[in-house]
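Note sheet for the following structure.
Every number for a ligand or one of its atoms is a count from 1 in the order of the listing. The structure presented is a predicted model; accordingly, all values stated were derived computationally and were not measured. Heads up: numbering here begins at 1 and tracks the sequence. Heavy atoms only: backbone and side chains are in, while hydrogens, waters and symmetry mates are out.
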Amino acid sequence: MTVLVTGGAGYIGSHTVRALADAGESVVVIDNLSTGFSAFLPESVPLFIGDAADENLVEGVIASHGVDAIIHFAGSIVVPDSLRDPLGYYRNNTMTTRNLLSVAVRQNVNRFIFSSTAAVYGNPERTPVPEEAPTRPTSPYGSSKLMTEIMLHDVAAAHGLKFVALRYFNVAGADPDCRIGLATVGATHLLKIAVEAATGQRAKIDVFGTDYPTPDGSCIRDFIHVSDLAEAHRSALAYLRSGGQSATLNCGYGRGYSVIEVIEAVRRVSGRNFAIQFADRRPGDIMTMIADTSRIRGTLDWTPRFDNLDAIVTHALAWEEKLLHDRETSRQQAVPA
Ligand code: UDP
């Protein structure tokens, strides 16, 4: 039994590959390396460089490796980009999954775990948000993921496939052993920006909006440590293998921190008092996004290990320092003697 992980060289994908490999699973990865890094994979895991939409490639990998389950991460994830290029997002997210599913059906691979997102909810009427809340995405990114969820329901009904769609809230942190982390250049995520400021790579951080009707006026998010999210995938796989029914599950901790609280945590943990600038609201931002986690806790055998903002910050900071150190070392090596 081998698990095919698409996008396994990316941020969340590579943490999941590690979690699976550490648990003794046989894993094979397809990744086009557009945002991923082959060095993020353990040596024991074969990497096929190519597109998850390439049916011939996927078919060959499934047949040659005895694949019994697919975990599908490959896709595009930048919300503002999706507003500029909706068709690109429908291609990379919705159409790619359609191709992948058609191979899965043909090859009788009937366990499928899908990276979905809290963006399918749009602006929630109330928080914590349960899975049955209305889905009204406000970006092509969210729509492309919601369309894929709908497709999964239909394929499951027609072909007996069982799926788990995991709706991620705000994913952050890095491998506690500092082997892998978020290495995307130009990432816009709050915690990434904050640790870049703490390590001197930015002069300051902007707080987008301080006039929201929240306790300190800034937005509130539910941050989940990437290693806990990886474990949720491993647990979802065990659930499907033991005969579990298809399920759509929120992935968060069910607790919110404000933007200002996150920045203060980075200042405290790093001991570096970088500048904070209060700025206008960022267009399109949702005020408060917190997961109702009752369903995932009742469905999967999953106990988060890092439900602690300081732990998330500590690991994100250690990873950022490592990235900086590695970059510095390669720059020095590039200078002729
Ligand atoms: N944010 C901020 N300054 C930054 C980056 C993000 O104030 O430099 C805020 C952003 O406006 C939002 C929250 O942090 O309210 C989380 O943003 P992020 O882009 O990390 O994730 P999102 O929840 O938008 O997917």
Subject >> Under 3.5 Å side-chain donor-acceptor pair for Glu131 and Thr248 >> reply: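 Per modelled atom types, Glu131 and Thr248 side chains form no pair under 3.5 Å.
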Subject >> Contacts of Tyr121 that satisfy ring pair (Phe, Tyr, Trp, His ring centres under 6.0 Å) - sequence neighbours left out >> reply: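 Testing Tyr121 for ring pair (Phe, Tyr, Trp, His ring centres under 6.0 Å), a comparison that skips the adjacent residues, returns none.
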Quick check on ligand 1: any N or O pairs to the protein under 3.5 Å? One line per pair.
from, atom 1, to, atom 2, distance (Å)
ligand 1, 3 (N), Asp206, O, 2.7
ligand 1, 7 (O), Asp206, O, 3.3
ligand 1, 7 (O), Phe208, N, 2.9
ligand 1, 11 (O), Asp285, OD2, 2.4
ligand 1, 17 (O), Arg282, NH2, 3.4
ligand 1, 19 (O), Arg282, NH1, 3.4
ligand 1, 19 (O), Arg282, NH2, 3.0
ligand 1, 20 (O), Leu190, N, 2.8
ligand 1, 21 (O), Asn170, ND2, 3.2
ligand 1, 23 (O), Asn170, ND2, 2.9
ligand 1, 23 (O), Arg221, NE, 2.5
ligand 1, 24 (O), Arg282, NH2, 2.9

Original post:
Hey, what's the ring geometry for His315 with His225, parallel, tilted or perpendicular (30° and 60° as the breaks)?
Top reply: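 Perpendicular: the ring planes of His315 and His225 meet at over 60°.
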Original post:
Hey, does the side chain of Ser235 reach the backbone of Ala232 with a donor-acceptor pair shorter than 3.5 angstrom?
Top reply: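 The answer is no, because no donor-acceptor pair under 3.5 Å joins these two groups.
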Original post:
Counting N and O atoms only, with roles assigned by atom type, does the side chain of Tyr89 sit under 3.5 Å from a partner on the main chain of Val78, one being a donor and the other an acceptor?
Top reply: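 Checking the backbone N and O of Val78 against the side chain of Tyr89, a donor-acceptor pair under 3.5 Å is found.
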Original post:
So is Arg221 actually on top of Phe169's ring, under 6.0 Å and inside 45° of the axis?
Top reply: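 Pair Arg221/Phe169 does not count as cation-pi.
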